[in-house]
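Comments concern the structure below.
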Amino acid sequence: MFWIAEGLIYRRQDSVFHTIDPRIKLLISMMLFFLSLVSSTIVEFSIILVLIFFIGALSKTLKRMVRTFVFSLSFLAMIFVINILVGYDIMFSIIISLRFISVVSSTSIFFLTSSPDELELVMKSFYLPYDLIFAFVTAVRFVPVIMLDAIQILDSQRSRGLEIEKGNFIKRIKNYIPVLIPLIVQAIIRSEELAEAMESRAYGFSKKKTSYYSLHLRKRDYFAATVAICFMIVFIYAIYFLHI
Amino acid sequence: MTPLIKFIDFNFSYLDSPTPILKNINLEIKEGEFVLLVGPSGCGKSTLLRCINGLIPHLYSGVYKGKVIVDGEQVSEKNISTLATKVGFVFQNPENQIFMFTVEKDIVFGLENIGVDKEEIGRRLEWALKILNIEHLRYRAPYELSDGQKQRVAIAGTLVMHPKILILDEPTSLLDPKTAYEFISTLKELNRSIGITIIVVEHRIDLLPKVADRMIVMDGGQIVFDGPFKDIIKEKNLHLYGVTVPPIISLQNTLSESGVNLPGYSLDVRSFSEMIKKEVFRND
């Protein structure tokens, strides 16, 4: 599943698209996602994919987007074959496969170009409960920490003779138990310390919690949103009234 | 002068423990003091600190007898969040107290929680970044920081709340000697410049002779020694309580035991060598 992850992980990049308000990036991403669901011809999917790759080029993430695309080819082939096997014709199977790739790529636009920080601000701007936002923030924040813990435990267990790669499929899964148990214990200890530190910094003190950061729409954001909405209207009009 | 922290006939035992972890604690700490708290592992140091910022009894329940008064208010009657504006707590592992994706966002976390307005947050943020000399780390992610930098960020996150007391539980345990020395110097500077009361649990006493005003030694849940640092450090039996006495202090203790009359008592190598030099030249 790493190819999906590669297409969804944010990396700092200096591009025009990165500077757009994250809410607008989310809007563009959602719009392309929606259009991928309503499209049903090769021409329509071609337009969507060209647009997605154009955004990829604009945001300097095209290389990673294409890599994801290449890696997902085997998955695409599987979708195609299963559709054929269950009795759908070739054209329908191609459409379903294209829909899959459009959906994955359109979603990745937002995640490739928005930092977890921006994602947090988007969640705040939607007035989601702060406990939920904080849970998300800490989960993402501690991913590298837990990963380092896992590597350390794996190394220490290997140095004591654990052979992870040995044996058949079931045995290999079992081999991970001596890594997973200490990892879970460590995560629980960490979460206790985290709770202490949160309490010590007044988490949940006031219902009138202030926010030092807020999102502000600028001219370029309005422009991007207008272009996106106009494109969606024209595209839907073309599908339903011009039957492209 | 009214003490800032006061323990009155205080006893505490955790729910899952048959024996009390703190026994008959009577302690007063005044505003502006720099207190070093030492003792063997499991002697109750961390529990004592958790009683000051309210984690005990609010987060850890147990048998709680006696009173702990911080800045005129009884800890058991105030919630931890309220106490967070009076007591800043820096834990042993800074990794677990940096919640946000950037240093700046983490520092303002507490201020947002207590509802400070945006302008004031900005002012306090700039002040904390400057006073801890971490302006260059402002937009860095936690994983891009060294352990020493993380400790400074953790302190900044508590200092912005303008607490009267700063508690640090083994803050240098993950730091190399040079970084640890710089870190302790920063603490003393804070103590001097803003008059904040500092209580630090530290095993590396050699870092603190010129810094701590007072030393408290704990063992088996009780306070066994309490007094000015320069007096307590001379106690002969400190090693029995898991305290590693700096070699320069041990040397002077051994010399005085073997009948050498030293004109004074030095807490560091430089002043000791100057004292000896003066003594030698005087005899010449």
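The sequence lines fix the lettering, A, B, ..., with proteins before strands; numbering per chain opens at 1. Computed from a predicted structure; not experimentally measured.
- The local environment of NZ in B/K6 is sparse, with at most 12 non-hydrogen atoms from other residues, nucleotides or ligands closer than 6.0 Å.
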Take A/R190 and B/E95, measure what salt bridge (Lys or Arg N to Asp or Glu O under 4.0 Å) needs, and give me the verdict at the end.
-> CA-CA 9 Å; A/R190 216 177 260 290; B/E95 187 77 77; 5.6 Å; no
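- The shortest distance between side-chain heavy atoms of B/E104 and A/Y213 falls below 4.5 Å.
- Using a 4.5 Å cut-off between heavy atoms, B/I80 contacts chain A through both its backbone and its side chain.
- Residues of residues 143-152 of chain B placed with any heavy atom under 4.5 Å of a heavy atom in chain A are listed by number as B/Y143, B/E144.
- Using a 4.5 Å cut-off between heavy atoms, B/A154 does not touch chain A at all.
- For chain B, the nearby parts of A/P116 are the backbone and the side chain; heavy atoms of each come within less than 4.5 Å.
- Of the listed residues (B/H58, B/M100, B/Q97), the greatest number of heavy-atom pairs within a distance under 4.5 Å of chain A belongs to B/M100.
- The CZ atom of B/F99 sits 10.0 Å away from atom OH of A/Y203, with the distance rounded to the nearest 0.5 Å.
- Within the 4.5 angstrom heavy-atom criterion, no atom of B/Q92 approaches chain A.
- When each of B/Y60, B/F109, B/F89 is checked for heavy-atom pairs under 4.5 Å with chain A, B/F109 comes out on top.
- Side-chain atoms of A/V140 and B/F101, non-hydrogen and from C-beta on, do get closer than 4.5 Å to each other.
- A/S200 has its side chain out of reach of B/T158: every pair of non-hydrogen atoms, C-beta onward, lies at least 4.5 Å apart.
- Side-chain atoms of A/T210 come within 3.5 Å of backbone N or O of B/V116 as a donor-acceptor pair.
- Atom CD1 of residue B/I98 and atom OG1 of residue A/T138 lie 14.0 Å apart, to the nearest 0.5 angstrom.
- For chain B, the nearby parts of A/V137 are the backbone and the side chain; heavy atoms of each come within less than 4.5 Å.
- When heavy atoms are compared at a cutoff of 4.5 Å, B/L59 approaches chain A solely by way of its side chain, counted from C-beta outward.
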Might you work through the side chain to side chain contact (heavy atoms under 4.5 Å, CB included) test for A/S211 and B/K118, ending with a clear yes or no?
-> CA-CA 7 Å; A/S211 185; B/K118 223 171 166 174; over 6 Å; no
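- Between chain B and the options A/M198, A/E199, A/E196, the largest number of non-hydrogen pairs under 4.5 Å is found for A/E196.
- In summary, of the residues considered (B/D106, B/V160, B/L111, B/I114), a side-chain contact (heavy atoms from CB on, under 4.5 Å) with A/R201 occurs for B/D106 alone.
- Of the two parts of A/F142, only the side chain, counted from C-beta on, holds a non-hydrogen atom closer than 4.5 Å to a non-hydrogen atom of chain B.
- Interface with chain B: from residues 126-136 of chain A, residues A/Y130, A/F134 qualify, criterion being any non-hydrogen pair under 4.5 Å.
- For A/D14, the CG atom counts as loosely surrounded, since its 6.0 Å shell holds 12 or fewer non-hydrogen atoms of other residues, nucleotides or ligands.
- Open room surrounds CE on A/M30; 12 or fewer heavy atoms of other groups in view lie less than 6.0 Å from it.
- No other option in B/G54, B/G122, B/P163, B/A141 has as many heavy-atom pairs under 4.5 Å with chain A as B/G122.
- Relative to the six-membered ring of A/Y212, B/K105 misses at least one condition, a distance below 6.0 Å or an angle of at most 45° to the axis.
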